[in-house]
A.B. asks: 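Have a look at the structure that comes next, please.
Chain identifiers are assigned alphabetically (A, B, ...) following the order of the sequence lines, protein sequences preceding nucleic acid strands; residue numbering begins at 1 within each chain. It should be emphasised that the depicted structure is a prediction, and the values quoted were computed from it without experimental measurement.
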Amino acid sequence: QKEVEQNSGPLSVPEGAIASLNCTYSDRGSQSFFWYRQYSGKSPELIMFIYSNGDKEDGRFTAQLNKASQYVSLLIRDSQPSDSATYLCAVSRYTGNQFYFGTGTSLTVIP
Amino acid sequence: KAGVTQTPRYLIKTRGQQVTLSCSPISGHRSVSWYQQTPGQGLQFLFEYFSETQRNKGNFPGRFSGRQFSNSRSEMNVSTLELGDSALYLCASSLAGVYNEQFFGPGTRLTVL
């Protein structure tokens, strides 16, 4: 079983819609959860992080964490064509600084 | 504040050669992690250095090694290159400690012929 699992997609949504990206993780000791966006040919860019159960909002982005279900999600409201990218979920334990990444979900926002 | 820098950005090598990649973290960041990214495998963790010590290590053969200097700059070395080592090598830095997000450099694209 992989440490972090994501649906690889591709996920297509129309411009202005809500895009929902999901991620599950296997290690109950995970404490920190991150969402990165990666454009083709570029390096990952951090867009959100969450540590506590519940929702965290930052502009058009909302991260949701449910530790009991070992589930973290990212909602993108009012999706724009510029949001078209691969979204990577990452988790980290309390000790040390090793991150585990999912394989990413490819998102396409259709104008 | 300057971001993470990596040099060189592109490399072409032949099988059997060795290569050294360099990473300079964000000023003040003491942790440097290295990843290999390929289309088929995604981001694979290589190792993490903190205060010149390797703190975590991924599941890669001993041909992959690294080090960190007192100024937090890090290098990774790959010896006896194989075709399968062709990948984007990414370095990420963080302040290190609990709940610390990682910031990535632009990467080094290595092609092994």
A.B. asks: Just by distance, do the side chain of A:Thr103 and the backbone of B:Gly42 share a donor-acceptor pair under 3.5 Å?
C.D. replies: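 Between the backbone of B:Gly42 and the side chain of A:Thr103 there is no qualifying donor-acceptor contact (under 3.5 Å).
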
A.B. asks: Taking C-beta and beyond as the side chain, do B:Leu43 and A:Pro44 meet within less than 4.5 Å on heavy atoms?
C.D. replies: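 Yes. Closest side-chain heavy atoms under 4.5 Å.
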
A.B. asks: Tell me whether B:Phe103 is reachable from A:Tyr51 by hopping between hydrophobic residues (I, L, V, M, F, W, Y) whose side-chain heavy atoms are closer than 4.5 Å.
C.D. replies: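 Yes.
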
A.B. asks: So for atom CZ, which belongs to A:Arg60, do other residues, nucleotides or ligands contribute more than 12 heavy atoms lying within a distance under 6.0 Å?
C.D. replies: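 Atom CZ in A:Arg60 is packed in, count exceeds 12.
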
A.B. asks: Can you measure from CD (A:Gln38) to CG (B:Leu88) and round to the nearest 0.5 angstrom?
C.D. replies: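 Answer rounded to 0.5 Å: 7.5 Å.
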
A.B. asks: Answer yes or no: does atom CG of B:Asn71 have more than 12 heavy-atom neighbours from other residues, nucleotides or ligands under 6.0 Å?
C.D. replies: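 Enclosed: over 12 neighbouring heavy atoms sit under 6.0 Å from CG of B:Asn71.
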
A.B. asks: Does the side chain of A:Phe34 reach to within under 4.5 Å of the side chain of B:Gln102, using non-hydrogen atoms?
C.D. replies: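 In short, these two side chains do not touch, never coming nearer than 4.5 Å.
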
A.B. asks: A:Leu74, A:Val13: one ILVMFWY side-chain cluster at the under-4.5 Å cut-off?
C.D. replies: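 Hydrophobic grouping puts A:Leu74 with A:Val13.
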
A.B. asks: Using heavy-atom distances under 4.5 Å, tell me whether A:Tyr36 contacts chain B through its side chain, its backbone, both, or neither.
C.D. replies: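 Side chain of A:Tyr36 only, per the 4.5 Å heavy-atom cut-off to chain B.
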
A.B. asks: Taking the six-membered ring for Trp, are the ring centroids of A:Phe99 and B:Tyr35 within less than 6.0 Å of each other?
C.D. replies: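 So the answer is no for these two rings.
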
A.B. asks: Check whether more than 12 heavy atoms from other residues, nucleotides or ligands sit under 6.0 Å from atom NZ of B:Lys57, and answer yes or no.
C.D. replies: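 Result for NZ/B:Lys57: enclosed.
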
A.B. asks: Let me know if B:Gln44 has heavy atoms under 4.5 Å from chain A in its side chain, its backbone, both or neither.
C.D. replies: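 Neither part.
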
A.B. asks: Of the non-hydrogen atoms in B:Pro106 and A:Ser43, which two are nearest, and what is the gap between them?
C.D. replies: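 Residues B:Pro106 and A:Ser43, closest heavy atoms: CA-OG, 3.8 Å.
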
A.B. asks: Should A:Leu107 and A:Leu75 be regarded as members of a common hydrophobic cluster, given that ILVMFWY residues are connected when their side-chain heavy atoms come within less than 4.5 Å of each other, either directly or indirectly?
C.D. replies: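 A:Leu107 does not cluster with A:Leu75.
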
